Amino acid sequence: MNRAPTTSPTDGTPYSSAGGSERQAASVLPLKNWVLLLDNHNPKLFWASLQTESSGLNTLSAAVLDELQEILDYLDQVHAVGLIIASGKDSGFVAGADIEEFKSLTTRDEAIALVRRGWTLFNRLAAVRYPTLALIEGVCLGGGLELSLACRYRIAVDTPGTRLGLPEVLLGIVPAWGGMRRLPRLIGPQAALNMMLTGKSLDARGAKQIGIVDLAAPPRVMHNSARGLILSGRPAARASGMKAVMNWGLMRPFVAHTARKQLARQVRRDQYPAPYALIDLWQKTDGDALQVEEILDGIVRSPTASNLVRVFFLQERLKGFGKTAAEGAAPLNHIHVVGAGTMGGDIAAWCALRGLRVTLQDQGIDRLQPALARAGNLFAKRLRDPYARRAAQDRLIPDPDGKGVSHADLILEAIVEDLSAKHSLLRDIEKIARPDAIIASNTSSLRIEDLRLVMQRPQRLVGIHFFNPVALMPLVEVVQAEGIDPGVMHRALQFVRRIDKLPLPVKSAPGFLVNAVLAPYMLAAMRKVDAGMSPHEIDQALIDFGMPMGPLTLADTVGLDVALAAGRSLAAAQPTGASNGRASQAGINTSNDGADTALVSVVPCCLQSRVEAGHLGKKTSQGFYTWKDGKATGPGSLPRVHQRPVSDTAQALALELVAPLVARAQELVASGLVADADLADAGVIFGTGFPPFRGGL
Ligand code: NAD
């Protein structure tokens, strides 16, 4: 998908068709990161194609912006009639500002200078007398979209990889290079604030629908479309009617007030200051952050921003596992899933959504129906285009007889958590699977070493452990038992990236990383219930700490029977002293005189009694909470995000409950379960929702 010159007969070559270094040589200006070429049909129309020297993805470093300045100087001199900005790389348009530069900021002056550089340059670009156009294919995020917004026109190329968005708040910063001003002026402040506050991105058609781009063009006509639009003389698009009125200085406080109110329900200002600052800056300065340097500096150099940037790099590291593995390995196109229950059904649907051919097997078609219905809902929610929905549905093939096993590249078992059932299945699978196929298990608590005992080639079994709900949880643990074929491990990592999840390589051990650290944390919370504290008070303390849900809500959601079984299996795998040691580290009373096994000492009464009474949580409408229509009701209903200060007692309680989680993670890092502490942080953040603004454990 090289966006640089094409010789497509339907599209007409826009400019010199030379490639790579030849194009660099043909550039009108000697630049390192840009290639500036003349259009073949119009001698004063220029194409600036960005292909940054230092990174695979285009980013807007100081050097890139300085060269853009040179380009603008030159175009002034030669009286250009137009400038089209495109990417010369297959990997997308522009991923954003150079985060490495952002990471190295130490002083206020440096922070202000970085913002001023982009703000001033993009204002200059917006003010040039000739028309400008951004031809966007692939990712166009952050500074990349701000660059495009400074152009008179924008075309988004309608390919699956095209995404436009301003996700700065996810890094704890704000779109200060003009995005906060230009996006509200283009599409109206409500839609713009919604995009900027959530950090969500849009595909080409979504961007056209909302008015961010003038055109969503198919790739084959993109160059001609760009040439036609830039010379069309059309006025630049801008918000009209009420959308324009809402940008007026007098109206901004009303819009800002509503946005603040909605935001206050989602995140605390003291934990995530950037989205609040964004609203304040838009309201007070119409998006010119440099007018209020204290706010800007307070955001850019805040601990939250550096923590969120750290989380960004942790995420990139997880993504990297899938990339390295991709080299030289055959692509995985067909996955066969056995077991269409809660997990298998949703894993199959997710894989079909992400473009894989999926055969889904269970014990009869009636067992498959609910999974197919849930898949239909997922496709309807995620895919706007009816043809794409249809195609996803066609990729998910019900296969009650398991015919897919013999063709699949990867076979994943997600049947009931029972060793002998899994043994018999794995034996059958191995008999008919292709010799090069990967065999994987989604087990939560069984040892890979035990599962593979019945296999002829045990080194081909890998754990691929998804989390529930599959569509929402980004992390997948990829579990390697001793002696695994390294090729199998690599391809499993590659598979997880292929379906757009974050792979975390872990060694085989009870509970792997995520469940192993969650268990002592949930246990500590239950001990507090045993001691007379209300579930609401405990969960509220953890919500205030920044967790996405409290530990007792989590237990109700997972199912108390499942929590009990998982606790038992983890406890059985632990030496007696270990669990008591962890509990006492958390200040939990573990005195249990007659108890000589770890299991007895770890099952809290509140859990045991509820399970015995059949109160298993959300699924039976009764657990630590009373549930109705998926929500906890009554006086002890679910805790919420509040903006009020957190009491010292609540803070101390949260720290006390998180302590066993941290301690367990430290033990696991020390045991080599994950390669280092950074990976434990990544696993805990993306697998448990541990507050990203804290940057890790
Ligand atoms: P489930 O009970 O919802 O589904 C299991 C399915 O497997 C059922 O539909 C059953 O009919 C089918 N099945 C059983 N034996 C079979 C066989 N021999 N051939 C074909 N189909 C068979 O279970 P689940 O919650 O989806 O869990 C499945 C696996 O995923 C377990 O190993 C579990 O430990 C693991 N897991 C579960 C969760 C979770 O939150 N539920 C999370 C991560 C991993």
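Fair warning: this is a prediction, and the values are worked out from it, not measured in the lab. We count ligands from 1, going down the list as the structure has it; atoms in each ligand are counted the same way.
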Point to revise | Donor-acceptor side-chain pairing of Ser637 and His536 below 3.5 angstrom | key: no

**Study point:** With sequence neighbours excluded, residues passing salt bridge (Lys or Arg N to Asp or Glu O under 4.0 Å) with Asp676
**Key:** Arg317

Check your understanding: Do Ser444 and Glu417 meet the criterion of a side-chain donor-acceptor pair at a distance under 3.5 Å?
Key -> no

Validation: residues 681-694 side-chain donor-acceptor distances under 3.5 Å, sequence neighbours left out:
residue : atom : partner : partner atom : Å
Asp681  : OD1  : Leu697  : N            : 2.6
Asp681  : OD2  : Arg310  : NH1          : 3.0
Asp681  : OD2  : Arg310  : NH2          : 3.2
Thr688  : OG1  : Val684  : O            : 2.5
Thr688  : OG1  : Phe690  : N            : 3.1
Arg694  : NE   : Phe545  : O            : 3.0
Arg694  : NH2  : Phe545  : O            : 2.9

Review point. Hey, which residues fall under 4.0 Å of ligand 1 on heavy atoms?
Key: Val338, Gly339, Gly341, Thr342, Met343, Asp362, Gln363, Arg367, Ala414, Ile415, Val416, Glu417, Lys422, Asn442, Thr443, Ser444, His465, Phe466, Asn468

Revision key, fill the gap. Residues 425-435 vs side chain to side chain donor-acceptor pair (under 3.5 Å), sequence neighbours excluded, gives Asp409-Arg434, Arg434-Asp436

Check your understanding: Under 4.0 Å between a Lys/Arg side-chain N and an Asp/Glu carboxylate O for Lys528 and Glu656?
Key -> yes

